[in-house]
K.L.:
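Can you read through this structure? Questions will come right after.
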Protein chains: 2
Amino acid sequence: MNSGERRRQFSGRGGERIPTVYVDGSCKNNGRDGAKAGCGVFWGPNNPLNVSERVSGRQTNQTAELRAAHKAIEQAKSLNMDKLIIETDSKFVIQGVTKWMDNWKQNGWKTASGRDVVNRSDFEKIDQASRGMDIQWKYVPGHQGIKGNEEADRLATEGSRK
Amino acid sequence: MNSGERRRQFSGRGGERIPTVYVDGSCKNNGRDGAKAGCGVFWGPNNPLNVSERVSGRQTNQTAELRAAHKAIEQAKSLNMDKLIIETDSKFVIQGVTKWMDNWKQNGWKTASGRDVVNRSDFEKIDQASRGMDIQWKYVPGHQGIKGNEEADRLATEGSRK
RNA sequence: UGACACCCAGUCAA
DNA sequence: TTGACTGGGTGTCA
């Protein structure tokens, strides 16, 4: 890995390096019978931390995206990281965690139309895992050829085949 | 058009044929700045009566739905129809015309909470146009793949872009 | 509180 | 192209 590549994985001003991870979910036959969900976590080329796993439980694209983010946070915690930048193409995950969850905790996890928040337990797990960590959520558009996202996508798709 | 198709556009018992029309409204950016409303009227495949128009005045989904119904009635009158079945996915329109309007006429067009009925003039136009006609209002669920409704929806969406 | 629409956004797929 | 996963919002009424 040359220094150019390293710079892509760490950012911050004034020499501070904040580790960056790309996460993505995949779900073959999403919304149909026999759907298969997988999650991908990409820390860098050939990084042994990289994850490509089949997701358990609910087999939907949203579950897959949420599970990928949760996995990355758990890994960061086990490495004693206290700051982390998570890049994902899911605005659902980002807004859920950074904007909607505060309200959900206060209103008993009800949607704007009065229904239950479907992925509540996954959001709660992410919330729990995030305690004590400084996490910055960053949106990356999908399928735009952005390296980290493409790699995470590949890992997720592989994971869904297991 | 085979007899199966014809049967879809005309109904009634004992050989009586009542023309059926599907109406729908659309409103891009409903409730936001720059909203654009359109209405669609579907009489049948490639029927020259079909309407796809931009709606004038108030740019809301309800105005669009009401305007579509009004248009269909005006068309029916100009063809000297005395009976008509109107299919719409708007319970607001159906209940407004068939249940609430009687009361509104008696109470000075006041809502249950004492406010003015917002779409009063559109309801009044429909009421006026309906004089002397036997109109049956029928609810069709939206986006359920029901042909007539889908076509009216498409026409309405097109209309909103003009 | 309920109901039916009309949208906005991003994914995941076939 | 069409469909599912999910959220936020307005339009309107009872």
K.L.:
Between the base of U11(C) and the side chain of N61(A), is there a donor and acceptor pair under 3.5 angstrom?
P.N.:
yes

K.L.:
Is there a donor-acceptor pair closer than 3.5 Å between any side-chain N or O of D122(A) and the backbone N or O of L66(A)?
P.N.:
no

K.L.:
For the helix from U1(C)-dA14(D) to A14(C)-dT1(D), what angle lies between the axis at the first five pairs and the axis at the last five pairs, to 10 degrees?
P.N.:
20°

K.L.:
Do N30(A) side-chain and C12(C) base share a donor-acceptor contact under 3.5 Å?
P.N.:
yes

K.L.:
S26(B) side chain N/O closer than 4.0 Å to the phosphate oxygens (OP1, OP2) of C7(C)?
P.N.:
yes

K.L.:
Any side-chain donor-acceptor pair under 3.5 Å between Q95(A) and K91(A)?
P.N.:
no

K.L.:
Should R58(B) and V118(B) count as side-chain neighbours, where that means a heavy-atom distance under 4.5 Å?
P.N.:
yes

K.L.:
Check the phosphate of U11(C) against H143(A), side-chain N and O only, distance under 4.0 Å to OP1 or OP2. Yes or no?
P.N.:
no

K.L.:
What does T63(B) touch in the nucleic acid at a heavy-atom separation under 4.0 angstrom: a base, only the sugar-phosphate, or nothing?
P.N.:
sugar-phosphate

K.L.:
Give N149(B) one of three labels, base, sugar-phosphate or nothing, depending on what nucleic acid heavy atoms sit under 4.0 Å from its own.
P.N.:
nothing

K.L.:
Mind running a 4.0 Å heavy-atom check of residues 90-98 of chain A against RNA chain C and sending the residues that fall below it, in number order?
P.N.:
S90(A), K91(A)

K.L.:
So does W104(A) get a side-chain nitrogen or oxygen closer than 4.0 Å to the phosphate oxygens (OP1/OP2) of dG8(D)?
P.N.:
yes

K.L.:
Identify, with sequence neighbours excluded, every residue that meets salt bridge (Lys or Arg N to Asp or Glu O under 4.0 Å) alongside K105(B).
P.N.:
D127(B)

K.L.:
Would you mind telling me which of dG7(D), A14(C), dA14(D) lies closest to the side-chain atoms of V118(A)?
P.N.:
dG7(D)

K.L.:
Find the distance W100(A):CH2 to dG9(D):P and express it as a whole number of Å.
P.N.:
9 Å

K.L.:
Treating S160(A) as the side-chain partner and G38(A) as the backbone partner, does any N or O pair qualify as donor plus acceptor under 3.5 Å?
P.N.:
no

K.L.:
On RNA chain C, does the nearest nucleotide to Q62(A) precede the nearest nucleotide to S160(A) from the 5' side, or the other way round? Give the residue.
P.N.:
Q62(A)

K.L.:
Over how many whole Å does the gap from D24(B) atom CG to C4(C) atom P extend?
P.N.:
16 Å

K.L.:
Quick one: side chain to side chain donor-acceptor pair (under 3.5 Å) partners of E158(A), sequence neighbours excluded?
P.N.:
R154(A)

K.L.:
Within less than 4.0 Å of OP1 or OP2 of dT12(D), is there a side-chain N or O belonging to W109(B)?
P.N.:
no

K.L.:
Are there over 12 heavy-atom neighbours, none belonging to R131(B), within less than 6.0 Å of that residue's CZ?
P.N.:
yes

K.L.:
Within the structure, does a side-chain N or O atom of Y139(B) lie under 4.0 Å from either OP1 or OP2 of A3(C)?
P.N.:
no

K.L.:
Of the options dT12(D), C12(C), dG9(D), whose atoms approach the side-chain atoms of A112(A) most closely?
P.N.:
dG9(D)

K.L.:
Is R58(B) touching bases, backbone alone, or none of the nucleic acid, heavy atoms closer than 4.0 Å?
P.N.:
sugar-phosphate

K.L.:
Check the distance between A5(C)'s P and E150(B)'s CD and give it to me in whole angstrom.
P.N.:
12 Å

K.L.:
Report yes if a side-chain nitrogen or oxygen of T111(B) is closer than 4.0 Å to either non-bridging phosphate oxygen (OP1 or OP2) of dA14(D); otherwise report no.
P.N.:
yes

K.L.:
Round to a whole Å and report the spacing from CG of N29(B) to C1' of C7(C).
P.N.:
7 Å

K.L.:
In whole angstrom, what separates R32(B)'s CZ from dG8(D)'s C1'?
P.N.:
10 Å

K.L.:
Nearest-Å distance, CG (L155(A)) to C1' (C12(C))?
P.N.:
17 Å

K.L.:
Which whole-number value in Å describes the distance from D122(B) CG to dG11(D) P?
P.N.:
15 Å

K.L.:
Go through the structure and list residues passing side chain to side chain donor-acceptor pair (under 3.5 Å) with D33(B), not counting sequence neighbours.
P.N.:
none

K.L.:
Need one value for G114(A): base, sugar-phosphate or nothing, where a base atom within 4.0 Å counts as base even if backbone is also close, heavy atoms only.
P.N.:
nothing

K.L.:
Taking ring pair (Phe, Tyr, Trp, His ring centres under 6.0 Å) as the definition, give me every residue that meets it alongside F92(A), ordered by chain and number, with sequence neighbours left out.
P.N.:
F123(A)

K.L.:
Atom CD of E65(A) and atom P of A9(C): how far apart are they, to the nearest Å?
P.N.:
19 Å

K.L.:
Q62(B) and N119(B): which non-hydrogen atoms are nearest, and at how many Å?
P.N.:
CB-ND2, 4.1 Å

K.L.:
Taking any heavy-atom pair under 4.0 Å as a contact, classify K28(A): base, sugar-phosphate, or nothing.
P.N.:
sugar-phosphate

K.L.:
Can you spot which of R67(A), K36(A), K71(A), K162(A) makes a salt bridge (charged side-chain N to carboxylate O under 4.0 Å, His left out) with E53(A)?
P.N.:
K71(A)

